[in-house]
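Report on the following structure.
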Amino acid sequence: MTGYPDDLPFFGDDDDFVPAPAPAPRPGGIAARAQAARGAPRYLEGLNPEQRLAVETTEGPVLVLAGAGTGKTRVLTTRIAHILASGLAYPSQILAVTFTNKAAREMKARIGILVGEAIEGMPWLGTFHSIGVKMLRRHAELVGLNSNFTILDTDDQIRLLKQLIQAEGLDDKRWPARQLAGMIDAWKNKGLSPAEIPEGDARSFGNGKGRQLYQAYQDRLKTLNAVDFGDLLMLPIRIFREHADVLREYHSKFRYILVDEYQDTNTAQYMWLRLLAQRPALPDGSRPAVNICCVGDDDQSIYGWRGAEVDNILRFEKDFPGAKVIRLERNYRSTAHILGAASHLIAHNEGRLGKTLFTDRGDPDDARVKVHAAWDSDEEARAIGEEIEALQSKGHALNDMAILVRASFQMRAFEERFITLGLNYRVIGGPRFYERQEIRDALAYFRIVSQGSDDLALERIINVPKRGLGEAALRLMHDTARARNTSLLQAARDLIGTEEMKPKPRAALRALVESIERWQGMLDRTPHTELAELILEESGYVDMWKNDRSPEAPGRLENLKELISNMEGYESMRAFLEHVSLVMDAEQNDDQDAVSLMTLHSAKGLEFDTVFLPGWEEGLFPHQRALDEGGRAGLEEERRLAYVGVTRAKKNLHIWFTSNRRIHGLWQSTIPSRFIDELPEEHVEVVESGSSYGGYGSGYPGRPNPYGASRFDDTPVFSNSYSTPGWQRAQRNRNEATQRNWGNRSGHQVERIGYGEPDSGYGAGRGSFKGKVIEGELVAKSVATEPSRFKVGDRVFHLKFGNGNVAAVDGNKLTIDFDKAGQKRVLDGFVQPA
DNA sequence: ATACTTTCGATTTTT
DNA sequence: TCGAAAGTAT
């Protein structure tokens, strides 16, 4: 099938040729065929026809387009179970890749249930990165590494880059290491080596030294025997390209390749997959079929900004001729109203493969998607809090509810509100366990003990806790290490025998070095968890946090305990360290009933009975920056994000927008997201605000023109807010102005307010800025701020604050000393000459 | 080294 | 505006 002998010995691994699970006959054997003829095995029961087709089409390239809630994971796991149970391959002959450890764990667990516990041997099921490490450890010498290389965390990476930038004689303020790290990451996502990066990119950093710095970084990594996350894909790709024999062995090994979330693959991952999947041409010129099955949903591609290429999935049929495309459109999650809303919304995107979700569970009692308006973010939080409490009192579990926001700053209003209400909530996302400072510090201690040459680890903890070893001491160590071409630890050892350091730091350094040596001596004799505890105690690290008065300190000590207890699952400290940087997740305790609060991005893959989607306003969602930087593609990705949000809901969906939001400290008037207008009327119900701010506050300021008038303009709740002359004038001005000016730099429309009342009068849009027009559609605007028509000392009038004097002018932002209201900052469009 | 001041930036995040 | 992070002064 592959053109290679099937049973090539493969690196002599013990994970290879693990006996197939008990029920599985030998691949291709008579028993296998006999079983195939015997009718459907149990695991196929309950699959719908499309799912079943996706499971049973084992040969050749297959693309499964799995819409939200259509049983994607089930198909993937059943397919693997099917391949194993039919005896088509041994577990070790299946390559199954996911993006997150969570997804990999879930798949392992579910395959285990289907096939029985004998699944131990699926050595090649994991994330791109974990499989990458595994490959790289085997062939490290081919790229000049030792197989015990370390994987850098972001802090190490930044510190290293900073040193390199300084070594180039560049100002590290002007050329921040973070930015370079971001660029290198982006290059690696594209699979580009220093020699291959575009000239423009290379020139744009560090006075044209971009390429040089990238190369220097790679060289430095090599001498440190270290890699970064990007290398875990890049280096295997290089090995495959440069060593045909290695690639050939992987070809003969992997009979089946499965990829989860294919729409999220970046170029490097794509190249990696292509290399593994595509077989060399046969003598007759034809290419052997590839048993690759990619599962994904182009409508849920929301990671373009970090290098994912939707194009990979759109191009699948070209990449793999003869590919079968199977669509999963039967949704098992949401009501018909929610699906109708989602489908109608996503249909506004071009460049999709096209799917329409449906369900046959139509219940006349199902609620429509509810659209609510609030005056500002506080009212929004208050109203959602009330709704949650109401649901709770009706017996709904908080665990079944979630609030999904576009940007994390939105969470604050909810957290504050929930704290005052005493409502349990949990924030999902945020810094991962292993990214926390105390965990990284502890790991650095373990690293330097188990690997004395880990300079970056020593550097990290040299003065943590404070030992009086500051910059001067570190520089001396660096210089010594470089001069003698030794590790930092060896340099320290050498230095404490000389007079080069002042007595105090020298004594401190001696104490540290001696401790490290003592711990190193205990490595083989002491159980690793015990040793870990000892290290953290004796180094003074635990005391450091015990003496810390900050509120986080107790939590950090807890985390350290958890770290140690996590170590128990591993054989040795070294084994623990090998896995830890890739496979450690924060553990959420689900035992408490709590509302979930998270970003839309982190909600992908989850589902809740009731979902709240606040902040559907132009500029926030779709986010102005996505529009400015991504144009039409950016808008479509935002729309997919909206689609992801909508499809998280099983039964109830509440979409909210506010009329006013404070952005960068200024109150701005906002208009509802265009996505709200893209929802189908028949599945939506517009809810009148019942809160104290009702009436005026729930006012709906109408649509700007580029998207046409809103259907909601006519609904009573919104139209009554038009009745005031102020609103009517505001809208007139807005419509006029939006044709010329689509917001300003901060991303909002011309209709602005200072504090409180909306009044536009003289919108900031009197300018003649050019909007960004793509295919006749006004998508984004360029940055432009007209100088204010006011100057310091002018006497002005503001609708809410009355008369005052201009105290300062900053672009169109005025600081005004009001006679009555005191000093306020207001946009100039909201005051007029007194 | 620690406390105070200044500056900067403000979408989304995995491994 | 407001919070974090980096710089400066003691």
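Below, chains carry the letters A, B, ... as their sequence lines are ordered, and counting in each starts from 1.
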Which atom pairs, donor and acceptor, lie under 3.5 Å between side-chain atoms of residues 410-417 of chain A and protein residues at least two apart or in another chain?
| residue | atom | partner | partner atom | Å |
| --- | --- | --- | --- | --- |
| A:Gln410 | OE1 | A:Arg406 | N | 2.9 |
| A:Gln410 | OE1 | A:Ala407 | N | 2.8 |
| A:Glu415 | OE1 | A:Tyr425 | OH | 2.6 |

Spacing of [X] atom [atom1] relative to [N] atom [atom2], expressed in whole Å:
X: A:Trp175; N: C:dA6; atom1: CH2; atom2: C1'; result: 20 Å
X: A:Asn266; N: B:dT12; atom1: CG; atom2: P; result: 21 Å
X: A:Leu641; N: B:dT13; atom1: CG; atom2: P; result: 10 Å
X: A:Trp667; N: C:dC2; atom1: CH2; atom2: P; result: 11 Å
X: A:Ile302; N: B:dT14; atom1: CD1; atom2: P; result: 11 Å
X: A:Met544; N: B:dA1; atom1: CE; atom2: C1'; result: 15 Å
X: A:Asp628; N: B:dT12; atom1: CG; atom2: C1'; result: 15 Å
X: A:Arg105; N: B:dT14; atom1: CZ; atom2: P; result: 13 Å

Do we count [X] as stacking onto [N] if the rule is ring centres under 5.5 Å and planes under 30°?
X: A:Trp305; N: B:dT11; result: no
X: A:His129; N: B:dT15; result: no
X: A:His664; N: B:dA10; result: yes

Can you tell me how far P in B:dT13 sits from the matching atom in C:dC2, rounded to whole Å?
->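 These two P atoms come out 24 Å apart once rounded.
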In whole angstrom, give me the gap between the P atoms of C:dA5 and B:dT12.
->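 Their P atoms lie roughly 15 Å apart.
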Checking contacts here: which listed nucleotide ([options]) is nearest the side-chain heavy atoms of [X]?
X: A:Arg306; options: B:dT11, B:dT14, B:dT12; value: B:dT14
X: A:Arg662; options: B:dT13, C:dC2, B:dT2; value: C:dC2
X: A:Lys466; options: B:dT2, B:dT12, B:dT14; value: B:dT2
X: A:His601; options: B:dT11, C:dG7, B:dT12; value: B:dT12
X: A:Arg406; options: B:dT15, B:dT12, B:dA10; value: B:dT12

Which atom pair, heavy atoms only, marks the closest approach of A:Gly191 to A:Met271?
->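 So the minimum-distance heavy-atom pair works out to CA-CE, 3.6 Å.
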Report yes if some heavy atom in the side chain of A:Ile461 is under 4.5 Å from a heavy atom in the side chain of A:Tyr541; otherwise report no.
->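 No, every pair of side-chain atoms sits at 4.5 Å or beyond.
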Are A:Asp172 and A:Lys162 within salt-bridge range, i.e. N to O under 4.0 Å?
->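 Salt bridge flag = yes for A:Lys162 with A:Asp172.
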Side-chain N or O of [X] less than 4.0 angstrom from OP1 or OP2 on [N]?
X: A:Ser130; N: B:dT15; result: no
X: A:Ser408; N: B:dT12; result: yes
X: A:Arg412; N: C:dG3; result: yes
X: A:Asn101; N: B:dT14; result: no

DNA chain B: A:Gly230 or A:Asn463, which has the more 5' nearest nucleotide?
->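 The residue mapped nearer the 5' terminus is A:Asn463.
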Between the base of B:dT12 and the side chain of A:Arg625, is there any donor-acceptor pair under 3.5 Å?
->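 By the distance-only test, no, there is no pair.
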Determine the contact category for A:Phe229: base if any of its heavy atoms lies under 4.0 Å from a base atom, sugar-phosphate if only primed atoms, P, OP1 or OP2 are that close, otherwise nothing.
->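 Since a base atom lies under 4.0 Å of A:Phe229, the category is base.
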Check A:Arg640, A:Arg306, A:Lys604 against A:Asp264 for a salt bridge (charged side-chain N to carboxylate O under 4.0 Å, His left out) and give me the one that passes.
->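 Result: among A:Arg640, A:Arg306, A:Lys604, A:Lys604 is the only option passing the salt bridge (charged side-chain N to carboxylate O under 4.0 Å, His left out) with A:Asp264.
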How many angstroms lie between atom NE2 of A:His601 and atom CD1 of A:Ile302, to the nearest 0.5 angstrom?
->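 A:His601 atom NE2 to A:Ile302 atom CD1 measures 4.5 Å (nearest 0.5 Å).
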